[in-house]
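Take a look at the structure below.
Model, not experiment: these values are computed from the prediction. When reading the values below, keep in mind they use all heavy atoms of this one structure, side chains included, and skip hydrogens, waters and symmetry mates.
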Amino acid sequence: MNVAVIGTGYVGATTSAALASMGHQVIGVDVDRQKVESLNCGRLPFYEEGLEQLMQNLLATGALTFTADLPRAVRESDILFLTVGTPSNADGSADLRYVEGAVRDIGRSIKTHKVIVSKSTVPVGTGDLVKTWLQEELAKRGTDIPFDIVSNPEFLREGKALHDALHPERIVIGCESDKARAVMTSLYEGLRTVLFYTTVRDAEMIKYASNAFLATKISFINELARLCEKTGASISKVARGMGLDSRIGGQFLRAGIGYGGSCFPKDVEALLHLSRQEGVPLQLLDAVARVNQEQAAWFLQKVLRHLGPLSGKKIALLGLTFKPGTDDIREAPALRLIPELLAAGAELSAYDPQGMEAVRRLHPGLRYAKDPYDALAGADGALLLTEWQEFLELDYAQVKRVMAGAVLLDGRNALDGEKMRGYGLLYDGVGERGTG
Ligand code: NAD
């Protein structure tokens, strides 16, 4: 099938490559000409394992191309995916300006029937807005071209984006015509997964509900971790014991410094905004967001307890991105901690395998190390802020040797506390027994 993917960021670039590798003819479209140029040269403007190589192969076969020429992409495609960003407005609501911009561009260009599929995360009711924007543009042109609207929310995880796009656990398809349903069914024919058909509104809500639920698990375990720490229980053991119950499940129950990234914080806020707008307060979700906001400050108190006043103290930061496997630093918990540590007078030395370039733009004054040991050299304390595999495999005897002090605070509960103490490190995690 001929597909255009409008917006070639994390989701759009991944979707383009995944669909092309499934045998479709794909054109990725972006308003950012530099990005288009880089993609056409086979250079991914962000880090995602395996994606650049696949993209290069697909560019070579001609199954995938990129352009800034939206009218051409619309002309040559039957299915148009919307994968533009939906960031937060100041009041927490979803900013739909990129969606509207892309939809109106489509409305100015279409000449034949199209299936317009939103993969962008958008609040319930946006499908109707998309219809209205298109009809307005068509009315301006004095034409009446038929189209179908589909909501097909994306659930991929950065760091595992390609795997998730090619092996999704489910594909949610919100559509309201047999024609659109048939088109979406054959589009995804090559994937062995569950296709869950529903209405556009249901599909839009499923995405927010899923992210809100995962964020709830994280805040639940983080808040409980604080109580575990006071009462001498270990949150890691508690979470494992809970997770063995299949009704609960073990995922998203690792205590740490809070959730971040380009999705959870903004999607939770957008759902809360919608709930206020509709007069149906979501009290539980409100607390989820609050707990998450507090978690970095709670961890900072731990840093102060272990290191005392931070003025002039050297602190090594291991990890900056919001999670491993990505260079994305949007809403990364490390970014909540850095200003606080700097304000307290700490001297920071940071290392991250992928995130340093982006953080350097925000905090040019930090010392950016060439490797983890370089970051740790002479440090009074070390904070593990992103659980990159590289950090889990360090030689911790050497870590102890290169540091001036011995405090190692694990903001991701990713290291083995007993082992770390065996190296002579003053290890503490989040919500672990007797280390507070
Ligand atoms: P992104 O910011 O990385 O990319 C968006 C792209 O859209 C940019 O390249 C931008 O230049 C382009 N764009 C903006 N307006 C355009 C227009 N009119 N025409 C063509 N291109 C345009 O965003 P992202 O992280 O890929 O997220 C996209 C959507 O997917 C969001 O709604 C997000 O919530 C959702 N989502 C993201 C993830 C994730 O892990 N990043 C996962 C699931 C869902």
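The stretch residues 30-66 participates, sequence neighbours left out, in these ring-ring contact (aromatic ring centres under 6.0 Å, His included) pairs: Tyr10-Phe46. Sorted by first and then second residue, the ring-ring contact (aromatic ring centres under 6.0 Å, His included) pairs involving residues 138-170 (not counting sequence neighbours) are His163-His167. For residues 23-37, every residue pair satisfying the side chain to side chain donor-acceptor pair (under 3.5 Å) rule, not counting sequence neighbours, is listed here: Thr8-Asp30. Contacts classified as side chain to side chain donor-acceptor pair (under 3.5 Å) and involving residues 134-156 (residues at least two apart or in different chains) are given here: Arg104-Glu136, Arg104-Glu137, Arg108-Glu137, His113-Asp148, Lys119-Asn152, Lys119-Glu154, Glu137-Lys140, Asp148-Ser177, Asn152-Tyr188.
Within the cation-pi definition used here (under 6.0 Å to the ring centroid, within 45° of the axis), Arg330 does not qualify as a partner of Phe322.
There is a side-chain donor-acceptor pair under 3.5 Å between Gln295 and Arg226.
The main-chain N or O of Val122 is never found under 3.5 Å from a side-chain atom of Ser120 such that the two would form a donor-acceptor pair. Put simply, the side chain of Thr326 never gets that close to the backbone of Glu158: no donor and acceptor are under 3.5 Å apart. Under a 3.5 Å cut-off, the side chain of Asn292 and the backbone N or O of Val288 do not form any donor-acceptor pair.
Atoms CG and CG, on Leu383 and Leu317 in that order, are 5.5 Å from each other to the nearest 0.5 Å.
Applying the side-chain contact (heavy atoms from CB on, under 4.5 Å) rule to Arg201 yields the partners Val124, Asp128, Thr199, Glu204; only residues at least two apart in sequence or on another chain are considered. Residues satisfying the side-chain contact (heavy atoms from CB on, under 4.5 Å) test with Pro168, not counting sequence neighbours, are Ile171, Leu191, Thr193.
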